[in-house]
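Take a look at the structure below.
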Amino acid sequence: MEFEPVIGLEVHAQLKTKTKIFCACSTAFGAPPNTHTCPVCLGMPGVLPVLNKKVVEYTLRMALATHCKIERESRFARKNYFYPDLPKGYQISQYELPIARTGFVDTEINGCTCRIGINRIHMEEDAGKLDHDPDRPVSRVDFNRTGVPLIEIVSEPDIRSPEAAGAYLRHLRSLARYLGICDGNLEEGSFRCDANVSIRPQGSETFGTRTELKNLNSFKHVEKALLYEINRQKEIMREGGQVVQETRLWDPAKNRTTSMRSKEEAHDYRYFPDPDLLPLLIDDAWIEAVRQSLPELPDAKRQRFIQQYGLPPYDAGILTSDRQLAAYFEDCARAFPQPKQISNWIMGALLGQLNVQGKTIETSTISALHLAQLLELVDRGVISGKIAKTVFEEMAQSGQPPRKIVEEKGMVQITDDRAIEEVVTKVIESCPQEVAAYQKGKAKLLGFFVGQVMQATRGKANPQLVNEILKKKLNG
Ligand code: ADP
Ligand code: MG
Ligand code: ZN
């Protein structure tokens, strides 16, 4: 029997506000433990939380960008449980009345557009962090993260493969970054994901029993864990067994999931409306103001890149996946209006280089203007495409403008017929055997001669001229 996977993701995004969700403490990362705390986020008795307006605005941005319906009235609830990183003994979260519901994102998966429903988006506060001593049975608690604002984005179970889950997640992250509301860093935990997965016989309309996967802190882990889990469930079904509803932990070292807790052991959080916080009322004017402030989003930008620059959808998708990368491309295209050339260089050489250097487009040593100047030098025949690669490497190291590098290193292309002819004559004279063989019909040897000429000119001869002159001399 063939089985189809059914996947739904719960994504937590840490909002980049300056202060926490219910107090004025800083959200800055990396401060000494417990220095960004106050009676409110430490859960002292007798203090009252006050909702940070920026948090609502950021949440509205994401909700509008994902086509959600904004609830004019929503509420905060207390999710009760005990854990040392939770000083109040409850987490403030939205429960029955979240701020936004029923949206969607259209995600590109293997060239097809796939619509994935958003069930809800709600606001909540983060918990603190435990630091376990590796040598002694001691753990320390750091409350700096306590009260940092999060949004949870819950998808419908509309995802049908691990790759699609990865694509959806990348799409959401790209949105969050475009909107300027979240860093979107899975490794550092500012963008986290739990994955729910079940399988069902191909063609079935009902859902199977699902498991929830945790500890997925990279895109690769999300996809690998889902793949493992789908296969595990298939095996159970094929052997006539039953999948148990449970939470499972991904173990990246062993490449497998293991049971963490079953449904029976699941928490009962005893949610109830937080009496310290008023219902949140949002009016149309506020929603409209936020809508007006949204930047051009990845989908729209991608369409524009296809139309305005005549780029293939694939190129447009990569270039618009990041707002800064898209801006870099557009700066380049303004200075050197050959979009496909630019796209090739950005997607190949530049992104490769940034990866090697561990840099991002914002910290790139090669500016958009310099890249445009480099392509222009090639276009005008000042340097060959091959030399351009060398100049590019230099630019990546030194950050110098390409003109300067080309001049200093004497890399200007030889386009003077006579100079090339001289070298060609020398090469022909020094290889009588190859010349004889070529003239007897071994046409392949032309490449050999070209190579010799390029070597003699240290790659600076214009390859087209070299070819022409060689043919003329050898055949004449
Ligand atoms: P819970 O309250 O246990 O977290 P939810 O109804 O909020 O459950 O669903 C959590 C996530 O699980 C959602 O993203 C949803 O799409 C997904 N989901 C629900 N049912 C299934 C299923 N049968 N298979 C896979 N995913 C599912
Ligand atoms: Mg849930
Ligand atoms: Zn505080």
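Side chains included, hydrogens not; waters and symmetry mates left out as well; all remaining heavy atoms used. Along the sequence shown, residues carry numbers from 1. In each ligand, atom 1 is the first atom listed, and ligand 1 is the first ligand listed. If you're wondering where the values come from, they're calculated on a predicted model, not measured in any experiment.
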- Message: Would Arg170 and Phe219 count as a cation-pi pair here, with the cationic atom under 6.0 angstrom from the ring centre and within 45° of the axis?
- Response: yes
- Message: Under a plain distance cut-off of 3.5 Å, with no hydrogens placed, do Gln400 and His370 share a side-chain donor-acceptor pair?
- Response: no
- Query: Where does Leu9 meet ligand 1, judged by heavy-atom distances below 4.0 Å: at the side chain, the backbone, both, or neither?
  - Reply: backbone
- Query: If you measure only the distance, is there a donor-acceptor pair under 3.5 Å linking the side chains of Gln14 and Ser190?
  - Reply: no
- Pull out every atom of ligand 1 sitting under 4.0 Å from any heavy atom of Val6, numbered as shown with elements. 24 (N), 25 (C)
- Which of the atoms of ligand 1 are close to Gly208, meaning less than 4.0 Å from one of its heavy atoms? 23 (N)
- So the angle subtended at the Zn ion (ligand 3) by Cys41 atom SG and Cys38 atom SG, rounded to 10 degrees, is 110°
- Item | Cation-pi check, Lys340 onto Trp345 ring (under 6.0 Å, within 45° of axis) | no
- Can we call the ring centroids of Phe22 and Phe76 under 6.0 Å apart? yes
- Message: Would Pro157 count as a polar contact of ligand 1, with the cut-off being nitrogen or oxygen pairs under 3.5 Å?
- Response: yes
- What is the distance from atom CG of Leu226 to atom NE2 of His221, rounded to the nearest 0.5 Å? 12.5 Å
- Can you check whether Val197 has an N/O within less than 3.5 Å of an N/O in ligand 1? no
- Query: If you count the atoms of ligand 1 from 1 in the order shown, which ones are under 4.0 Å from a heavy atom of Ser198?
  - Reply: 22 (C), 23 (N), 24 (N), 25 (C)
- Answer side chain, backbone, both or neither: which part of Glu156 comes under 4.0 Å from ligand 1, heavy atoms only. backbone
- Got a sec: is Cys25 within less than 2.8 Å of the Zn ion (ligand 3) via an N/O/S atom? yes
- Using the salt bridge (charged side-chain N to carboxylate O under 4.0 Å, His left out) rule, take Glu124 and Lys79 through it: C-alpha gap first, then chi angles, then the decisive distance, then the call. CA-CA 10 Å; Glu124 60 188 33; Lys79 177 179 179 177; 5.8 Å; no
- Task: Check each atom of ligand 1 against the heavy atoms of Phe207 and keep those under 4.0 Å away; list them by number with element.
- Result: 23 (N)
- Which atoms of ligand 1 are found less than 4.0 Å from any heavy atom of Val154? 13 (C), 14 (O)
- Can you figure out which of Arg210, Glu10, Glu152 has its heavy atom closest to atom 8 (O) of ligand 1? Arg210
- Message: Is it the case that the ring center of Tyr269 lies less than 6.0 angstrom away from the ring center of Tyr90?
- Response: no
